[in-house]
Amino acid sequence: LTLLLVTCAVWASEITFELPDNAKQCFYEEIVQGTKCTLEFQVITGGHYDVDCRLEGPDGAVLYKEMKKQYDSFTFTASRNGTYKFCFSNEFSTFTHKTVYFDFQVGEDQPLFPSENRATALTQMESACVSIHEALKSVIDYQTHFRLREAQGRSRAEDLNTRVAYWSIGEAIILIVVSI
């Protein structure tokens with residue numbers, strides 16, 4: 001599966017996908033040498049909420065490898081031009097599928113104003129716009145993390161509700177059998 005991204009200074013992909021049991025899902029990204037990249041992932045539902053994650057460079061060298069992690073973040077700078085591959089694996093699980101969220105950011109943000117990196121000071125209006133822009137980006141990140149935590153909590157609550165319902169049915173059956 002190749003990710004098609006919007007052409008801009010920062011390419012970012014946020015994807016949530018199902019990872020079946022005994023499966024491996026890989027994603028590919030063309031990256032130019034010297035570009036700073038960040039991979040962040042979190043398991044939202046399934047089993048013990050853990051997956052294996054692996055990031056490889058264009059030459060096949062392993063840049064990042066973690067086993068059975070619930071969430072993590074990894075930042076690197078591309079050492080060469082080429083296609084970088086990152087894979088999520090659930091091959092250790094025999095019957096539990098997972099829901100995985102990841103955010104892959106490539107590159108740095110462009111300045112809000114073309115003249116932002118100039119030697120002179122920003123006007124008061126420009127600096128206010130820059131600070132508001134940074135605050136809104138932070139709010140978006142927090143909202144994303146809170147949505148993920150809410151989805152994870154909802155999944156756990158629904159699983160617990162199912163188990164309590166089955167336990168109650170079992171107790172009711174035992175109560176009927178004992179009273180007969």
Side-chain angles (χ1 to χ4, degrees), residues 1-31 36-56 62-76 84-109 131-177:
L1 176 65
T2 303
L3 300 176
L4 300 175
L5 303 173
V6 177
T7 305
C8 61
V10 175
W11 296 339
S13 294
E14 291 186 24
I15 295 178
T16 303
F17 66 97
E18 293 284 329
L19 186 60
D21 51 311
N22 290 323
K24 182 178 183 180
Q25 183 73 46
C26 294
F27 301 88
Y28 301 86
E29 183 68 43
E30 278 290 323
I31 302 175
K36 184 178 175 184
C37 306
T38 301
L39 172 64
E40 181 180 347
F41 69 92
Q42 179 177 346
V43 180
I44 300 172
T45 62
H48 294 291
Y49 301 92
D50 56 350
V51 293
D52 297 342
C53 182
R54 181 182 177 108
L55 175 67
E56 295 179 7
V62 177
L63 303 173
Y64 172 80
K65 180 179 179 182
E66 285 293 332
M67 310 294 278
K68 296 187 177 184
K69 292 287 277 190
Q70 180 179 357
Y71 60 90
D72 204 4
S73 180
F74 177 68
T75 301
F76 68 99
Y84 286 74
K85 170 181 164 183
F86 54 101
C87 299
F88 298 97
S89 173
N90 193 22
E91 294 174 331
F92 58 85
S93 180
T94 54
F95 59 90
T96 314
H97 73 279
K98 312 278 172 70
T99 303
V100 180
Y101 158 86
F102 75 86
D103 180 11
F104 192 63
Q105 297 178 355
V106 179
E108 296 289 332
D109 280 336
S131 66
I132 290 170
H133 179 71
E134 294 297 322
L136 288 175
K137 286 193 320 187
S138 176
V139 166
I140 289 170
D141 287 341
Y142 283 126
Q143 284 179 336
T144 300
H145 285 81
F146 286 133
R147 266 190 243 114
L148 292 173
R149 295 293 297 193
E150 187 273 333
Q152 192 175 44
R154 178 178 297 277
S155 172
R156 287 184 179 174
E158 288 174 0
D159 183 46
L160 181 61
N161 184 34
T162 303
R163 291 178 187 207
V164 167
Y166 287 143
W167 181 261
S168 299
I169 290 169
E171 283 184 338
I173 291 171
I174 291 172
L175 186 61
I176 291 170
V177 168

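Since this is a predicted model, take the numbers as computed values, not measurements. By convention here, the first residue in the shown sequence is residue 1.
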(request) Would you indicate whether His48, at its atom NE2, is surrounded by more than 12 heavy atoms from other residues, nucleotides or ligands within a distance under 6.0 Å? (result) no
(request) Provide the closest heavy-atom pair for Asp21 versus Asn90 in the form atom of the first, atom of the second, distance. (result) CA-ND2, 3.6 Å
(message) Under the rule for ring-ring contact (aromatic ring centres under 6.0 Å, His included), what residues qualify as partners of Tyr84, not counting sequence neighbours?
(response) Phe76
(message) Would you compute the distance between atom OG of Ser168 and atom CD1 of Ile173 and round it to the nearest 0.5 angstrom?
(response) 11.0 Å
(message) Arg154: which residues meet the side-chain hydrogen bond (donor to acceptor under 3.5 Å, both in side chains) condition with it, sequence neighbours left out?
(response) Glu150
(request) With rounding to the nearest 0.5 Å, note down the distance linking SG in Cys37 to CG in Leu39. (result) 9.5 Å
(request) Apply the test salt bridge (Lys or Arg N to Asp or Glu O under 4.0 Å) to residues Asp50 and Lys98: give CA-CA distance (whole Å), side-chain angles for both, the deciding distance (0.1 Å), then the verdict. (result) CA-CA 8 Å; Asp50 56 350; Lys98 312 278 172 70; 3.2 Å; yes
(request) Using a 4.5 Å cut-off on heavy atoms from C-beta on, say whether the side chain of Gln105 contacts that of Glu14. (result) no
(request) Just say parallel, tilted or perpendicular for the rings of Phe27 and Phe102, cut-offs at 30° and 60°. (result) tilted
(request) Determine the minimum heavy-atom distance between Thr16 and Ile44, stating which atoms define it. (result) CG2-CD1, 3.9 Å
(request) Measure the spacing between OH of Tyr142 and CZ of Arg149 and express it to the nearest 0.5 Å. (result) 14.0 Å
(message) Distance check, rounded to the nearest 0.5 Å: Thr96 atom OG1 versus Leu19 atom CG?
(response) 11.5 Å
(request) Might you point out which heavy atoms bring Cys87 and Lys24 nearest each other, and give the distance in Å? (result) CB-CE, 3.8 Å
(message) Phe41: which residues meet the ring-ring contact (aromatic ring centres under 6.0 Å, His included) condition with it, sequence neighbours left out?
(response) Phe88
(message) Under 4.0 Å between a side-chain nitrogen and a carboxylate oxygen: does that hold for Glu158 and Arg156?
(response) no
(request) With sequence neighbours excluded, tell me which residues meet side-chain hydrogen bond (donor to acceptor under 3.5 Å, both in side chains) with Gln143. (result) none
Between side-chain atoms of residues 62-73 and protein atoms elsewhere (two or more places apart, or another chain), which donor-acceptor pairs fall under 3.5 Å?
unit_1, atom_1, unit_2, atom_2, d
Tyr64, OH, Asp72, OD2, 2.4

(request) Report yes if the side chains of Glu91 and Asp52 come closer than 4.5 Å at any heavy-atom pair, otherwise no. (result) no
(message) Do Thr99 and Glu18 pair up side chain to side chain, a donor and an acceptor below 3.5 Å, judged on atom types alone?
(response) yes
(request) To the nearest 0.5 angstrom, please state how far the OG1 atom of Thr45 sits from the NE2 atom of His97. (result) 5.5 Å
Could you pull out every donor-acceptor pair under 3.5 Å between side chains of residues 134-141 and any protein atom, sequence neighbours left out?
unit_1, atom_1, unit_2, atom_2, d
Lys137, NZ, Asp109, OD2, 2.2

(message) Return the OG1 to CD distance between Thr144 and Gln42, rounded to the nearest 0.5 Å.
(response) 10.5 Å
